[in-house]
K.L.:
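The following block contains the structure, expressed as structure tokens.
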There are 2 protein chains.
Amino acid sequence: MKKGSYSPTASPTLSDVAREAGVSAITVSRTIRSPEKVSKASRLKVEAAIAKLGYAPDPAASALASKTSTTIGLLVPSLTNNVFADVVRGVYDGIEETRFFVQIGNFRYSALKEQELLRVFLRQKPAGLILSGFDQTQEATRMLKNAPCPLVQIMDIGPQPADMAIGFDHKEAARTATRHLLEQGYTKLGFLGARMDPRSQARYEGFKDVCKDAGKLDEKRIVTTLQPSSVSMGRQLFEALLAKTPDVDAILCNNDDLAIGVLTEAQRRNIQVPDDLGICGFNDIDIARNMMPEITSVATPRYDIGRRAIQMILDEIAEPGSVADRNQDVGFELVPRQSTARRR
Amino acid sequence: MKKGSYSPTASPTLSDVAREAGVSAITVSRTIRSPEKVSKASRLKVEAAIAKLGYAPDPAASALASKTSTTIGLLVPSLTNNVFADVVRGVYDGIEETRFFVQIGNFRYSALKEQELLRVFLRQKPAGLILSGFDQTQEATRMLKNAPCPLVQIMDIGPQPADMAIGFDHKEAARTATRHLLEQGYTKLGFLGARMDPRSQARYEGFKDVCKDAGKLDEKRIVTTLQPSSVSMGRQLFEALLAKTPDVDAILCNNDDLAIGVLTEAQRRNIQVPDDLGICGFNDIDIARNMMPEITSVATPRYDIGRRAIQMILDEIAEPGSVADRNQDVGFELVPRQSTARRR
DNA sequence: TTGAAAGCGCTAACAA
DNA sequence: TTGTTAGCGCTTTCAA
């Protein structure tokens, strides 16, 4: 076992390759970055030399000279969150086999922290940037306006992206889910929310809107917390809700974790789902879909958003201005299942 | 909305700060990296200048000059996996407020891909490297031996880490879980496994060991797949198992996702858990803990492993050779719950 | 199509 | 404790 001897090992450089190939360093650089600008003869010599020496470019030197790195920054509010786990997966799948890297920054739902991360990330001269939503600080917004790279704001929709945006309408999604509960014949609708970020807030507003319009809004049936979301939190919030308003007959949960918590707690209390209690989640994660009973949820294209966001960035890098639709609404889909299939 | 104009913006440099503070560039560099080597007077002047100009160092220039970047590489076999999500979280929490970045590489359970990622990562002159397990290719192992930075192999234990290691004994963990099932009076033990990576294999071996010793091994009650793990997969594997050996009375699942799938499928089939069927999961994730009935599982310190691994790296960076215990076994804990609490 | 020269912003090594 | 000098490995610019 080695101990504390981490000396840098020398790797071949551009000049080494150039010497080996009998050309100049810049010709090697060109064969790597734009082979079409190099004669076939040179190209072959260089390629042979690269192979022989096992050369690979030094990204730091390249970034310093060109003022652009191969790093794409991805700023997320949370790493615990299932939602962002899927986004991250999409982004990574999209980046694979390209010359780019992804660097994740976790700003823990703090706009100020996001701003500072942004500052640090920008120092790296990123090739692209992916942000969550539109709720940056003024200072962050200013930095974004001058960002020297393509950037995509994801998850939400809004009128004015700093550069590009892709997401869906959270308020409308909640409206749709709430209408579904009413249509199923539920009349005493409750709402459970944890970690009330801007998008959760929008869902909450959507729920209130529809309830109000239907004359069925009772604020006492709304329980939220700023703490992180989890299955246990779902149970706790449900308990709190029951303590306040035991007559609640359907619950819209801000996400599926909460919904699972409500379902399992209902089972413990022998509350029949969906007859005594309807449950609707949000996001449609695999587990919720497989519960017994299966949980109704709003399917959101999280993976797809990540995948598409990174593609937008890659396209813009390849050809600035080439992304035509710079403000995409990818929609959502209500998936009715057993947990709201009340027998009327 | 801007379109395709991503020109680099000039940021203040070290010399700008130096000029502002009335000192030399190297003094600024020193106040940032080792303030104790600078007089208080200089330090205050420099700090004021940094604040005034909003200076932040250019990591590329720094990496080029010092031959070490501030990037710490984290190579994981999967991003879908709950286990690695927790590890990643631990790593990110540990890196916060330091000057380092984490760059994740997803090698999709392919040792060859891991090797290629390693090669690419090493070109970045990483400040540290975190790898999963001990199953690197020969070529990768060779690269690791010469790695110019601290590295930690995580999740597993083994006799010979390349540099440092932290994990637990998967085989022993499975042994403990299997013994528990026998102690609870179950006699027809089955095993369900998805995505059989080396650590899953070890758990599988542990299960077989104990069953064999107890004279209760029946290979027909083992169903595994190379496909990814999920709740739906748990249901599928359970169905396959029941089709082969309907008399199975307890199942050790390779992870909690599978266990949840088994539980919900059992509920659909009206199989009573724990009386007709005992279920034991692996990892002890929040959801499994909150199912009805609550699922017995083997708690594994995933977050902690990530947190500690990054700390080992930071310690080694700060003071090479300072990490005393370079091969840590962090253990596991069986958490018996309702899903195996058979009434005898 | 190719190359020479200059320099990106920082740090290592040495000197004062 | 502070500064000077040189150069990390690449790309940009300009010229041939």
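To find a chain, count down the sequence lines: A is the first, B the second, and so on, and within it residues start at 1. Computed from a predicted structure; not experimentally measured.
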K.L.:
Not counting sequence neighbours, which residues clear salt bridge (Lys or Arg N to Asp or Glu O under 4.0 Å) with B:Asp197? List them please.
P.N.:
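For B:Asp197 the salt bridge (Lys or Arg N to Asp or Glu O under 4.0 Å) partners, ignoring immediate neighbours, are B:Arg199.
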K.L.:
Quick test of your reading of the model: are B:Arg19 and B:Asp16 salt-bridged, counting only N-O distances below 4.0 Å?
P.N.:
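Salt bridge between B:Arg19 and B:Asp16, a charged N being under 4.0 Å from a carboxylate O: yes.
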K.L.:
Name every residue in residues 21-55 of chain B that has at least one heavy atom under 4.0 Å from any atom of DNA chain C, in order of residue number, or write none if there are no such residues.
P.N.:
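When residues 21-55 of chain B is checked for heavy atoms under 4.0 Å from DNA chain C, the hits, listed by number, are B:Ile26, B:Ser29, B:Arg33, B:Tyr55.
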K.L.:
Which is the 5'-most and which the 3'-most nucleotide of DNA chain D that has an atom under 4.0 Å from a heavy atom of chain A?
P.N.:
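Answer, 5' to 3': D:dG9 to D:dT12.
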K.L.:
Does a side-chain N-to-carboxylate-O contact under 4.0 Å join A:Arg108 and B:Glu96?
P.N.:
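A salt bridge is present here (some side-chain N lies under 4.0 Å from a carboxylate O).
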K.L.:
For B:Leu144, run the side-chain contact (heavy atoms from CB on, under 4.5 Å) check against B:Leu122, B:Asp163, B:Leu118 and tell me which one passes.
P.N.:
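That would be B:Leu118.
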K.L.:
If the threshold is 4.0 Å, N to carboxylate O, is there a salt bridge linking A:Arg142 and A:Glu139?
P.N.:
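Looking at A:Arg142 and A:Glu139, the cut-off is met.
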K.L.:
Is it true that B:Arg89 and B:Asp86 make a salt bridge, defined as a side-chain N closer than 4.0 Å to a carboxylate O?
P.N.:
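Yes, B:Arg89 and B:Asp86 are salt-bridged.
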K.L.:
Is the number of heavy atoms from other residues, nucleotides or ligands within 6.0 Å of CD (A:Glu36) greater than 12?
P.N.:
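Above 12, so yes.
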K.L.:
Using five pairs at each end of the helix from C:dT1-D:dA16 to C:dA16-D:dT1 to define an axis, what is the angle between those two axes, to 10°?
P.N.:
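The angle separating the two end axes equals 20°.
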K.L.:
Run the side-chain hydrogen bond (donor to acceptor under 3.5 Å, both in side chains) check on A:Gln136 and A:Glu114 step by step: do they pass?
P.N.:
CA-CA 7 Å; A:Gln136 286 79 29; A:Glu114 182 184 29; 3.3 Å; yes
K.L.:
Which pairs count as ring-ring contact (aromatic ring centres under 6.0 Å, His included) when at least one residue sits in residues 121-159 of chain A, sequence neighbours excluded?
P.N.:
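Qualifying pairs: A:Phe121-B:Phe101.
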K.L.:
Does a salt bridge link A:Glu116 with A:Lys113, judged by any charged N lying under 4.0 Å from a carboxylate O?
P.N.:
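Salt bridge absent between A:Glu116 and A:Lys113.
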K.L.:
Are any of the side-chain nitrogens in B:Lys45 or B:Glu20 under 4.0 Å away from the carboxylate oxygens of its partner?
P.N.:
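Not counted as a salt bridge, because no side-chain N and carboxylate O are separated by less than 4.0 Å.
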K.L.:
Would B:Lys40 and B:Glu47 pass as an ion pair if we require N to O under 4.0 Å?
P.N.:
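The answer is no: the pair does not qualify as a salt bridge.
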K.L.:
First contact, last contact: which nucleotides of DNA chain C are these for chain A, 5' to 3', heavy-atom distance under 4.0 Å?
P.N.:
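Contact boundaries, 5' end first: C:dT1 to C:dG9.
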